[in-house]
Protein chains: 4
Amino acid sequence: MNSKNKKHLDPVQAQARREQVLTAAADCFHRKGYHGAGMAEIARTAGMSAGHIYNYFDSKEAIIESIIEKDMEEMFSIFQEFEDQPGDILTVLLDGLHHGVQRHMDTGACVIDLDMMAEASRNKKVALLLREADTQARNRMRDLLVSESSLIKSHSEQELESRINVIFSVMAGLLLRKMLFPELTEETVLIALRPAMKTLLMPFDKN
Amino acid sequence: MNSKNKKHLDPVQAQARREQVLTAAADCFHRKGYHGAGMAEIARTAGMSAGHIYNYFDSKEAIIESIIEKDMEEMFSIFQEFEDQPGDILTVLLDGLHHGVQRHMDTGACVIDLDMMAEASRNKKVALLLREADTQARNRMRDLLVSESSLIKSHSEQELESRINVIFSVMAGLLLRKMLFPELTEETVLIALRPAMKTLLMPFDKN
Amino acid sequence: MNSKNKKHLDPVQAQARREQVLTAAADCFHRKGYHGAGMAEIARTAGMSAGHIYNYFDSKEAIIESIIEKDMEEMFSIFQEFEDQPGDILTVLLDGLHHGVQRHMDTGACVIDLDMMAEASRNKKVALLLREADTQARNRMRDLLVSESSLIKSHSEQELESRINVIFSVMAGLLLRKMLFPELTEETVLIALRPAMKTLLMPFDKN
Amino acid sequence: MNSKNKKHLDPVQAQARREQVLTAAADCFHRKGYHGAGMAEIARTAGMSAGHIYNYFDSKEAIIESIIEKDMEEMFSIFQEFEDQPGDILTVLLDGLHHGVQRHMDTGACVIDLDMMAEASRNKKVALLLREADTQARNRMRDLLVSESSLIKSHSEQELESRINVIFSVMAGLLLRKMLFPELTEETVLIALRPAMKTLLMPFDKN
DNA sequence: TATGAATGAGCGTTCATTCAT
DNA sequence: TATGAATGAACGCTCATTCAT
């Protein structure tokens, strides 16, 4: 039986405990990395015994999977916001750009970070989850880009794919830079990012 | 005493041994990642005993530090290429873009890969090395951008900083995407990357 | 304080609860062995919480001790059957042999199985219980062998002791063989066992 | 790679270490049972660190397998002795009976004991090994019983099978009795065992 | 009486590191 | 210089047992 579905007498408290663990784990993973953080430390951080964690998660792996899933949900809500905005996509996305930058440059909150990517290169399940999450995110983005109010909805599939990948690349890359240079500010980045993003959301020049 | 400075009877052979280890370790880290590769395997690959490695390196960590250090030295040659090209910088950089993309999307060749970045986020020495290398690379880039033949040489320092950071972000981000989606091709990426890069290398529109 | 003697408000219900646990535990031990069966599973089988079991038993070990204790009481009824039979002992025992074989080769029914014997070899209390039970069984057997209708009643104590031990050995040994070779049938065994048993119940030849 | 075949610089010393571990493990298993004995205790008993054991054995399971294999070899040599004896089988086996009894009643040496049988009921590999060992032993015994100098070589396969199983049962059963009653002596047992065994090695009476 | 949440010691195993030779 | 035998701390995980309610 999956621990996640294990019946607890008080589901509210159980959910709270789960969150405790996830928060603690995210914190530890961030500080020490997935391999560097031990269950003992996660337990200590979560304020419970190591053994008890296994009443809520089947394994350490299940914890990271949960973290990724949670992040996925969060990401969807961001796209939802974009979709709910009135006005043309270009404007909406450029206006919302600073949110995305904020998110990708908040090393604390963005837990699907380097370590998980690194883990993905070794752990098929984690890789699958990340790929799924990314694929869904790209689909959302594609929907936005081909929506009625988009300026580029008529272009080829391959070009669309390319735009999305480049957009995602630059955002993911920001995480790396922020990690290496914490002094880098959102404002600084936006100066050049906004024009570049505009280019990525508009028809390309012929020349 | 630091092993690196440990006195060896034959300094030439000692250096050769060190190289052996670094080459073997880089190979192993590539195939298995930093945590996945054991000292035993590195030793086997290097053709010496595990214990003997400790005559040349203080620890496994010292090895990865050395690898990164060595890699940094190589990196500058890339910018040299650009500098040697005739013509205006915009053209040169756009023409050379596919080389950069190639380099960042060749999972195999990019030794400073995920695991090392991840390691950097918690190893002071590695972080310092990467920051230094990155800073030097940014300086080279800055020199290119403000050179005689550049279209944007007259702009503000902060804007310049931003452009460079975004350029570096998107390139680094490509590595992450390629890792998660090996099926992503250089050609696909270039479709949107080229226009975006052009924007980043030209004066921005006023609006 | 010993849980067994712990005061319960309703001694009748307490006894019922104890039986519940013993039945459940015996079932679990059967299916999974002493080490293989966890308190959680026993509790689930008994229809109560794991913690509650400790209101009736001090430990898991105390449970197996109780099971064995209970089993011992049952065992005597077997010999009673023999004693109630008319006719000479040799005939009675040989006629009843297949019952004994059945019992020892029915892996399911024999609750005092391997795990418990194994447990006995390191648990003083269990060892004592098994020794007591075995001694009583041997005494019953001795009574049968020296009874009026026995053919060997006049022989030396040591010889009697030896006969009984060999008889008990072969019966116990059957359990081991059946465990390792479930395909072994009662009929096959009886072919050679009957003549051997006859020898053990009759005066020995001089040569 | 199987640890057993791992190359060690000094094979003599390596073999000695292996023996150390096997001896220590047999001792611990005997005192605490397979599950009760931890690697730490085995290591302490063997006079080496827990980790080092894994240079000689792949796992705890591999240790018990080795013990069983070693016991198998020992057993074969016993049969070999019987085969090498001149004279008719009945005499040889009866003369050698006390050796077998000794072996089965030496609780220390006979490590394929209760715990392994118990383990076999859960661990397929152990079960397979024990079954194999037993099958080979039975085949040896069968060869002896149908050999030229045997008194029963002409009897049916099923009867032969039965004889062997009963012989093996009584021997295995002795182990259980000795475990429960260490005061039981070989001499006492032999009084009744010898006639019974004689019966099992001769043609049965018609009645 | 009864629960199940919570504990913590212990499990088998790995591996960077040390050391006798 | 070079070996690989040996160490030991740490790992993820289990489970009998305790305890607040």
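Residue numbers begin at 1 in each chain, while the letters A, B, ... track the order of the sequences.
In this entry the distance linking CD of A:E41 with C1' of F:dA9 reads 15 Å, nearest Å. Separating the CZ atom of A:F57 from the P atom of E:dA6 is a distance of 13 Å, rounded to the nearest angstrom. In this structure, CG of C:L9 is placed 4 Å from P of E:dT1, rounded to the nearest angstrom. When the P atom of F:dA5 is taken as reference, atom CD1 of D:I53 falls 15 Å away, rounded to whole Å. Rounded to whole Å, the distance from CZ on C:R44 to C1' on F:dC15 is 13 Å. Residue C:E61 contributes atom CD, which lies 12 Å from atom P of F:dA16 at whole-angstrom precision. Separating the CD1 atom of A:I42 from the C1' atom of F:dC13 is a distance of 13 Å, rounded to the nearest angstrom. One atom, CD1 of C:I64, and another, C1' of F:dA16, lie 15 Å apart when rounded to the nearest Å.
Nucleotide E:dA20: paired with F:dT3 (Watson-Crick or G-U wobble, both distances less than 3.5 Å).
B:A62 comes within 4.0 angstrom of nothing in the nucleic acid, heavy atoms only. No contact: B:A43 has no heavy atom under 4.0 Å from any strand. B:G38 comes within 4.0 angstrom of sugar-phosphate atoms only, judged by non-hydrogen atoms across all strands, and of no base.
Mapped onto DNA chain F by nearest heavy atom, C:S59 and A:Y34 fall at different nucleotides, with A:Y34 at the one closer to the 5' end. Mapping D:M39 and C:H52 onto DNA chain E by nearest heavy atom places C:H52 closer to the 5' end of the strand. Each of C:M48 and B:K60 was assigned the nucleotide of DNA chain E with the nearest heavy atom; the assignment lying further toward the 5' end belongs to C:M48.
Taking the six-membered ring for Trp and thresholds of 30 and 60 degrees, B:H8 and B:Y56 have nearly parallel ring planes, at less than 30 degrees apart.
Within the 4.5 Å cutoff, the side chain of A:V12 has no heavy atoms near those of the A:Q15 side chain.
Side-chain atoms of B:N55 and B:H52 include a donor-acceptor pair closer than 3.5 Å.
OP1 or OP2 of F:dA2 sits under 4.0 Å from a side-chain N or O of B:Y56. An OP1 or OP2 oxygen of E:dA20 is reached within less than 4.0 angstrom by no side-chain nitrogen or oxygen of D:Q13. An OP1 or OP2 oxygen of E:dA5 is reached within less than 4.0 angstrom by a side-chain nitrogen or oxygen of A:H8. For the pair D:Y54 and E:dT13, the criterion of a side-chain N or O lying under 4.0 Å from OP1 or OP2 is met.
One N or O on the side chain of D:K60 and one on the backbone of D:Y34 form a donor-acceptor pair closer than 3.5 Å.
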message = I'd like to know whether B:E61 forms a side chain to side chain contact (heavy atoms under 4.5 Å, CB included) with B:V126, so could you lay out the CA-CA distance, the side-chain angles of the two residues, the decisive distance to 0.1 Å, and finally the verdict.
response = CA-CA 9 Å; B:E61 225 178 351; B:V126 169; 5.9 Å; no
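Listed candidates were F:dT3, E:dT17, E:dT13. Nearest to the side chain of B:A50 is E:dT17.
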